[in-house]
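Every chain is numbered from 1 and lettered A, B, ... according to where its sequence line falls, protein lines coming before strand lines. Excluded from the calculations below are hydrogen atoms, water molecules and symmetry mates; all remaining heavy atoms, backbone and side chain alike, are included.
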Amino acid sequence: MIASISWPFIAQNSLSCTSTTAPMLFNSFTFWIFYALVLMLYFVCRHRAQNVLLLIASYFFYGCWDWRFLSLIAISTIIDYFVALKIDSSKIAWRRKAFVTLSICTNLGILAFFKYYGFFATELITLGQSVGVPLLLPTLNIILPVGISFYTFQTMSYTIDVYRGDCKPTRSLLDFAVYVSFFPQLVAGPIERASHFLPQVIQPRTYKEGDFQVGLYLIILGLFKKIVVADNMAVLVNAIFDTPTSQLTGLEVLVGVYAFAFQIYGDFSGYSAIARGISKWLGFDLMVNFRRPYFAVDPSDFWRRWHISLSQWLRDYLYIPLGGNRHGELMTYRNLMLTMLLGGLWHGANWTFIVWGALHGALLAGYRYFVTSKQKHRGEEPAQYQTTLLRCGKMFLMFHFVCLTWLLFRAESILQAWEMMMVMTGSWAWTPTVSLITGMLMFCAGPLLLFEAWLEFGTKAEESFQIHWSWRGLAYSYALMMCLCFPPPVASSFIYFQF
Amino acid sequence: MESEIEPQANIIRPTKRRRLFRAEFGVLLVVLVSFLALESIFRFRGEILSKDIAHLNSFDQISRNLAEDAHPNELRTLFLGNSLTRYGINQELFTQIIEKDYHLPIKTAKMNPDNTALADWFYAYQTYFKKAGRPPEVMIVGFEGNHLRDAPSNHLDRLAYYYGAGNDPENLDRFDLKTLEQKISFQLCRVSAAMANRDRLQRRMLDKVIPQYREGMDQLNGRLQIAGSSSRKEQISYERLLKFIALAEQDDVQVILVAMPVPEFYEFDTPLLEVVSSTSAQLVDCRLIPGLTNDMFFDGLHMDEQASRIYTTALAEKIGLDLKLFQAEKIAQFP
């Protein structure tokens, strides 16, 4: 009788990716066969050959998503390679500026055309119609190249850093091409900085004693987050968000949003963890992209823990150039709002993302106002010591603020988000759907949350490697068994590929 | 990055790599032992975990019993289907009615793995009856709705491990394995019972630990079906059914397709009727059986014991004469 329970319809509604060919997902057997082959060849190659192999493997990896867009990566790579060399060799300020502008325009141009043209063209046409001015803008059905937001930001940061003198350009096109297209982080980050990653490409690989150990830990953790947490939540989240709002109860929307909070976290941090793990085995250190974000106590803390590579990118290349907090409170709020609005837009061409960014901007500005006025009032720095209870209260509050913004992030439209919020103010009946989602949250995301609480409140991650191998073996067995025995009905793509 | 460092020929040495690996040797060993334990449980004690596993493991025995235990004058009849057949057909009653009312000695067997359709039955027939050289004389296939339409199996994993489908790569490629990922997974499932049965543990455990798990799933599925029913358009084809009937015809097996009763009425589509009219298969309409009411389907889909008796009786009466005629033809053809 158990077997008669089916998920057929829900499965068909899982997130679809934008590719036209069979993609290579980290949670697929195809990827692991590919990776094993690359790894075997990699270990018999010398350094330069390793880089050639990485470049070929990366282009093949991306080609499996959509070979047509390989040209975009190649264009971005070649332009930024030569632009960086020109910037470095030029001593005239305006020429240097012209070259960096060329790089920024090229990268943002590619991004704008493929990611935002359709959205803005449609919005402009609608606006024109509403004021009685018909606009003749061609509406193109453009396919979004996977990972375009990641690699364009990465290459842009390189030329800007060279322009600023923060990093020297490489003379090797091969090394630079590997930096841009390195397959573990090509389609969903972390967005690596040239100053951190390029030297690793240029120099021969060095392996430390614990590299295999750390890589294994990250891969297993990442797979658990993706397969057990994110994909299982995805099925339920899609079901909630695809159901007409009028049929939902307030509690169903609430648990649906909780489920999405863990879906997006498991999905993206899982991808980042696997990317770091497989890079570790290849001899590379990728930056940490997530640090237990749902344990954040305030908005600033959240952005120091969530998608760290993007937060830092936005801080260094947008917020600080805008003036940061150097020109008074009002300008700081403006800069925060602008940074977060653009950060929202980076996630996708939809009003929901823009409002999501605006909400986070408002949260950051509001929090800043709160903290500064409190400091003025008390005339002292905020207390560093926090009782566990107070800290937990803050975490709870922050988590719910974040969840509120996730509702906008996931909704198909502002209207849907608004309707769902309205539903939450209504009936709070306990239904079988609430029971199911709550149970699945506890079963799938609960162990992850406990593990992270253990790391957050006590043990440091590196200390966990000191635990006896038998216990670690059992923990890994549990995680892998869960991946094996509790997969979702259909393995879905990583959410962040679409950004 | 202050300056570029020239690359040096410095690859990792085998000894060092071994040391890297050795640091986690114990951990990997524990993981390996855990997997072997899980594999052993499914391979050697699967019957205890699931009645369906026990049933799947008995396929060979079922086909052997039907072929070898039947008296020469008994009509060897196979009921092929899924849990609808399991709950719906009362084998003993069917045999009694046919023997008593139609004076036809009959030997029956039931093959009814859970959550299956023609995609699975096709390979089950091929492996356990056709290729084993033990075809039945009559095959009664119980279906409802879209069970006979061309669609990949719901359980490619089980198809790999239990149905011997790997021996028919042509049809697998044509109907079931569309992506490289599916092909790799299929090959893994051919050798691993744990892989082939992994979803069983999931459903059983979630059903136990999450209150209202089933009701929740039903509620979500129900809502989504209503929301999505208008937007879905399905391409209907019966290519596999044609192949299935052709295989049976090669072995002189009479195929009887029985449209089973379920609470929600369903229509026959034209392509199905065309398949039936172009082949030797018979279509028996049992969608509406007098005396069957919706409250006799205890979980909204499967018949309770009383319903099963009503349905079995009706079916026996509908096909009894045909079976008798078929037996007579067989005897007449006998050299």
Residue pair [X] / [Y], side-chain heavy-atom distance below 4.5 Å:
X	Y	result
E252(A)	Q219(B)	yes
M440(A)	I210(B)	yes
F29(A)	K183(B)	no
F212(A)	L28(B)	yes
L206(B)	F486(A)	yes

Q | Exercise: identify the closest heavy-atom pair between C483(A) and R198(B) | A |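 Residues C483(A) and R198(B), closest heavy atoms: O-NH1, 4.3 Å.
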Q.
Before you tell me yes or no, could you show the steps for V209(B) and F443(A) under side chain to side chain contact (heavy atoms under 4.5 Å, CB included), namely the whole-Å CA-CA distance, both residues' side-chain angles and the distance that decides it to 0.1 Å?
A. CA-CA 8 Å; V209(B) 299; F443(A) 190 81; 3.9 Å; yes
Q: Give the intermediate values and the outcome of side chain to side chain contact (heavy atoms under 4.5 Å, CB included) for residues M481(A) and V31(B).
A: CA-CA 9 Å; M481(A) 296 268 185; V31(B) 172; over 6 Å; no
Report the distance from atom [atom1] of [X] to atom [atom2] of [Y], rounding to the nearest 0.5 Å.
X	Y	atom1	atom2	answer
E181(B)	I33(A)	CD	CD1	8.0 Å
L220(B)	Q247(A)	CG	CD	11.0 Å
E24(B)	L216(A)	CD	CG	6.0 Å

Q | Part of L188(B) lying under 4.5 Å from any heavy atom of chain A | A |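 Only the side chain of L188(B) comes within 4.5 Å of chain A.
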Q: Take F35(B) and L484(A) through the test side chain to side chain contact (heavy atoms under 4.5 Å, CB included) and record every step on the way to the result.
A: CA-CA 10 Å; F35(B) 272 97; L484(A) 180 77; 3.7 Å; yes
Q. Hey, mind stepping through C485(A) and L38(B) against side chain to side chain contact (heavy atoms under 4.5 Å, CB included) and telling me if it holds?
A. CA-CA 10 Å; C485(A) 297; L38(B) 186 73; 4.0 Å; yes
Q: Using ring pair (Phe, Tyr, Trp, His ring centres under 6.0 Å) as the criterion, list what pairs up with W32(A), not counting sequence neighbours.
A: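 By the ring pair (Phe, Tyr, Trp, His ring centres under 6.0 Å) rule, W32(A) matches Y35(A).
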